[in-house]
Amino acid sequence: MVKIITLFSITAILLVGYWAYIDSNKRKEQNMLQLIQEANKTILTVENNPHNNMALTK
C-alpha cells in the first residue's frame, strides 16, 4: 500500500511540474508575440509619420 501511495505521489508531482513547465513556456511565447506585435505597430507608426526624417533615408 505504501508503494502505491509513493508511486502515485511521485507521478502527481511529476505531472504538476510538467504542467507548470508547459504553462510557463506558453506564457513566455504569448509575451514574446505581444512584444513583437507592439514593435510592429511602433515601426508602422514611425514609418507613416510624415515628419520623420528616417523615412527619407530608405
Side-chain angles (χ1 to χ4, degrees):
M1 184 69 175
V2 173
K3 290 182 181 181
I4 293 173
I5 293 173
T6 304
L7 181 62
F8 178 76
S9 299
I10 291 171
T11 304
I13 290 170
L14 290 174
L15 287 175
V16 169
Y18 180 72
W19 176 79
Y21 171 77
I22 295 297
D23 186 53
S24 174
N25 281 343
K26 283 184 181 180
R27 288 178 192 234
K28 287 178 186 177
E29 183 179 354
Q30 288 174 349
N31 287 340
M32 186 62 65
L33 289 174
Q34 182 180 2
L35 181 65
I36 290 169
Q37 288 174 350
E38 290 174 2
N40 283 336
K41 286 180 185 178
T42 303
I43 289 171
L44 289 176
T45 302
V46 169
E47 286 179 346
N48 292 330
N49 185 353
H51 302 292
N52 184 10
N53 292 334
M54 294 297 291
L56 300 175
T57 61
K58 284 188 173 181

Distance col, row N40:CG vs T45:OG1, nearest 0.5 angstrom, shows 10.5 Å
Can you tell me if CG on L44 sees more than 12 non-hydrogen neighbours from other groups inside 6.0 Å?
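Buried by this count: over 12 neighbours within 6.0 Å.
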side-chain contact (heavy atoms from CB on, under 4.5 Å) against [X], all qualifying residues, sequence neighbours excluded:
{"X": "K26", "answer": "I22"}
{"X": "L14", "answer": "I10"}
{"X": "M32", "answer": "L35, I36"}

Listed partners of E29 passing side chain to side chain donor-acceptor pair (under 3.5 Å), at least two apart:
none
Taking salt bridge (Lys or Arg N to Asp or Glu O under 4.0 Å) as the cut-off, I'd like each qualifying pair that reaches into residues 13-24, sequence neighbours left out, listed once.
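The answer is D23-R27.
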Listing request: all side chain to side chain donor-acceptor pair (under 3.5 Å) pairs with a residue in residues 2-12, at least two apart in sequence or in separate chains.
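Applying side chain to side chain donor-acceptor pair (under 3.5 Å) to every pair that reaches into residues 2-12, excluding sequence neighbours, yields nothing.
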